[in-house]
Amino acid sequence: MDGDDRPTRAALEARLHTRALGRNLEIHDEIASTNTRAVALAREGAPEGTLVLAEVQTEGRGRLNRRWYAPKGTSLLMSLILRPALMPRQAQRVTMICSLSIVEAVNSAFRLDARPDWDAGERRGKEARVKWPNDIVVSGKKMGGLLTEMAAKGDLLDFIVVGIGLNVNLDVAALPELTAPATSVLAELGRPVSRAGLLAAILEGIESRAERLAQGWSPHEEWREHLATLGEWVQVSVPDGMIEGIAEDVDEDGALLVRMRDGRLRHILAGDVTLRRH
Ligand code: BTN
């Protein structure tokens with residue numbers, strides 16, 4: 001790291017090679033929630049690629065009405081506005097390209113840090129993966145999460161806001177005790193990284209995948225390769241109760257296909273997956 005960890009406008013501009021993503025940028029020292037701000041901007045007509053970044057959030061929101069905690073200056077806390085020509089039922093494709101771009105960027109840092117087997121110790125084989133539907137995990141511990149909010153106009157999406165919280169240079173001991181096992185890039189790599197550099201890499205990954213998305217591509221094959229959930233016995237809470245079974249696959253729109261005990265295959269669009277260990 002070059003000592004310039006704060007993702008300022010200048011630090012980002014020096015690293016960013018995108019066409020649209022991150023070009024319209026708001027950076028806040030402190031904000032209630034970058035998602036709340038980005039949704040308001042999107043409703044006012046903010047262009048595709050608008051990015052809201054914050055050093056700390058006072059009311060950071062997670063999925064399922066949970067809070068998102070991150071001590072000031074340790075993480076990437078951001079919300080990105082996209083306006084893809086997709087139907088609302090295809091919205092998860094946008095979240096998928098974002099989670100793929102996050103694991104790609106984090107894994108490139110892991111690979112650069114790779115050491116020969118005899119010197120790797122417990123860093124050997126580290127890999128960031130996606131826990132269905134929207135968590136970023138490393139060795140079963142959560143490194144980040146995505147919260148997507150959207151609005152439709154007619155049959156199509158008007159906008160999507162993808163909120164990303166990624167633990168970067170975070171000492172996990174600083175998190176409240178009640179949160180699930182957490183990790184950070186720092187904890188996994190053993191050294192801090194440039195948040196601006198990581199952010200630029202993530203945005204570049206999203207932009208190139210968004211261009212393919214616009215041509216009708218579905219990211220589900222690439223996503224499948226990076227899902228920690230497939231092949232696991234899962235419990236999923238859905239509006240009509242709890243489903244248990246083997247997570248067999250995902251479909252083009254990111255639904256999880258769960259093979260239940262009675263042999264039936266259930267498509268699950270949204271919910272919370274708990275991986276059960278045997
Ligand atoms: C989750 O795993 O529950 C999703 C967490 C998403 C947190 C991010 S932090 C930036 C953005 N603003 C918010 O209020 N939430 C998202």
Side-chain angles (χ1 to χ4, degrees), residues 6-7 12 21-22 25-43 46 49-82 91-92 94-103 105-106 128-138 140-150 159-170 172 174-176 178-185 195-196 198-199 202-203 206 226-229 236-237 254 256 270-275:
R6 199 184 151 100
L12 194 57
L21 268 54
L25 177 63
E26 259 192 29
I27 304 183
H28 298 265
D29 250 3
E30 181 179 306
I31 197 169
S33 155
T34 58
N35 257 44
T36 305
R37 173 70 185 147
V39 168
L41 288 172
R43 287 196 199 289
T50 297
L51 183 69
V52 181
L53 260 182
E55 284 294 273
V56 73
Q57 298 180 121
T58 52
E59 288 166 43
R61 293 188 283 119
R63 291 178 56 248
L64 307 170
N65 290 322
R66 295 185 186 127
R67 289 289 306 274
W68 185 261
Y69 297 98
K72 184 165 188 161
T74 61
S75 302
L76 284 175
L77 303 171
M78 64 201 217
S79 301
L80 182 63
I81 300 174
L82 294 168
Q92 177 69 4
V94 177
T95 319
M96 289 154 82
I97 65 169
C98 294
S99 58
L100 280 169
S101 304
I102 296 167
V103 298
V106 170
R129 298 205 282 168
V130 180
K131 179 184 163 195
W132 187 90
N134 293 329
D135 287 353
I136 307 298
V137 293
V138 178
K141 294 184 190 160
K142 184 159 169 170
M143 182 179 273
L146 296 90
L147 173 70
T148 303
E149 298 179 281
M150 68 193 93
F159 65 80
I160 289 201
V161 166
V162 183
I164 297 172
L166 186 64
N167 302 335
V168 185
N169 297 325
L170 167 71
V172 286
L175 288 176
L178 284 178
T179 55
T183 192
S184 66
V185 181
R195 282 186 293 150
L198 185 58
L199 172 56
I202 292 170
L203 292 177
I206 297 173
H226 295 279
L227 271 176
T229 316
V236 195
S237 51
L256 191 67
D272 200 17
V273 172
T274 312
L275 295 186

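Worth knowing before you read on, the calculation uses all heavy atoms, side chains too, and leaves out hydrogens, waters and symmetry mates. Counting begins at 1 with the first residue of the sequence. Both counts, for ligands and for their atoms, begin at 1 and track the order of listing.
Within the 4.0 Å heavy-atom criterion, the part of Asp135 lying near ligand 1 is the side chain and not the backbone. Counting heavy atoms under 4.0 Å from ligand 1, residue Leu64 does not touch it at all. Within the 4.0 Å heavy-atom criterion, neither part of Ala54 lies near ligand 1.
Residue Met78 has at least one heavy-atom neighbour below 4.0 Å for each of these atoms of ligand 1: 10 (C), 11 (C). The distance from ligand 1 to the heavy atoms of Gly62 drops below 4.0 Å at these ligand atoms: 1 (C), 3 (O), 4 (C), 5 (C). Each of the atoms 14 (O) of ligand 1 lies under 4.0 Å from some heavy atom of Gly60. Proximity to Leu146 (heavy-atom distance under 4.0 Å) selects the following atoms of ligand 1: 4 (C).
In the displayed structure, Arg67 atom CZ is contacted under 6.0 Å by more than 12 heavy atoms of other residues, nucleotides or ligands.
Among Asn134, Val130, Val94, the single residue meeting the side-chain contact (heavy atoms from CB on, under 4.5 Å) criterion with Leu146 is Asn134.
When all heavy atoms of Leu77 and Trp68 are compared, the pair lying nearest together is CD2-NE1, 3.8 Å. Here the closest heavy-atom approach between residue Tyr69 and residue Leu175 is recorded as O-CD2, 3.7 Å. The shortest non-hydrogen separation linking Ser79 to Asn35 is OG-OD1, 2.5 Å. A pairwise comparison of heavy atoms in Arg63 and Pro133 identifies NH2-CG, 3.6 Å as the closest pair. Closest heavy-atom contact between Ala38 and Ile81: O-CD1, 3.4 Å.
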Intermediate values then yes/no, side-chain contact (heavy atoms from CB on, under 4.5 Å), Val161 and Val52
CA-CA 10 Å; Val161 166; Val52 181; over 6 Å; no
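Inclusion of Glu59 in the set of residues having an N or O under 3.5 Å from an N or O of ligand 1 is not warranted. The N/O atoms of Trp68, backbone and side chain alike, include none that comes under 3.5 Å of an N/O atom in ligand 1.
For atom 3 (O) of ligand 1, the nearest non-hydrogen atom of the protein is Arg63 N, 2.6 Å. Annotation: atom 7 (C) of ligand 1 to nearest protein heavy atom, Arg61 O, 3.4 Å. Of the protein's non-hydrogen atoms, Gln57 NE2, 3.4 Å is the one closest to atom 9 (S) of ligand 1. Considering only non-hydrogen protein atoms, atom 11 (C) of ligand 1 sits nearest to Thr34 OG1, 3.2 Å. In terms of protein heavy-atom proximity, atom 2 (O) of ligand 1 is closest to Lys142 NZ, 2.6 Å.
With 3.5 Å as the limit, one finds no donor-acceptor pair spanning the side chains of Glu30 and Thr58.
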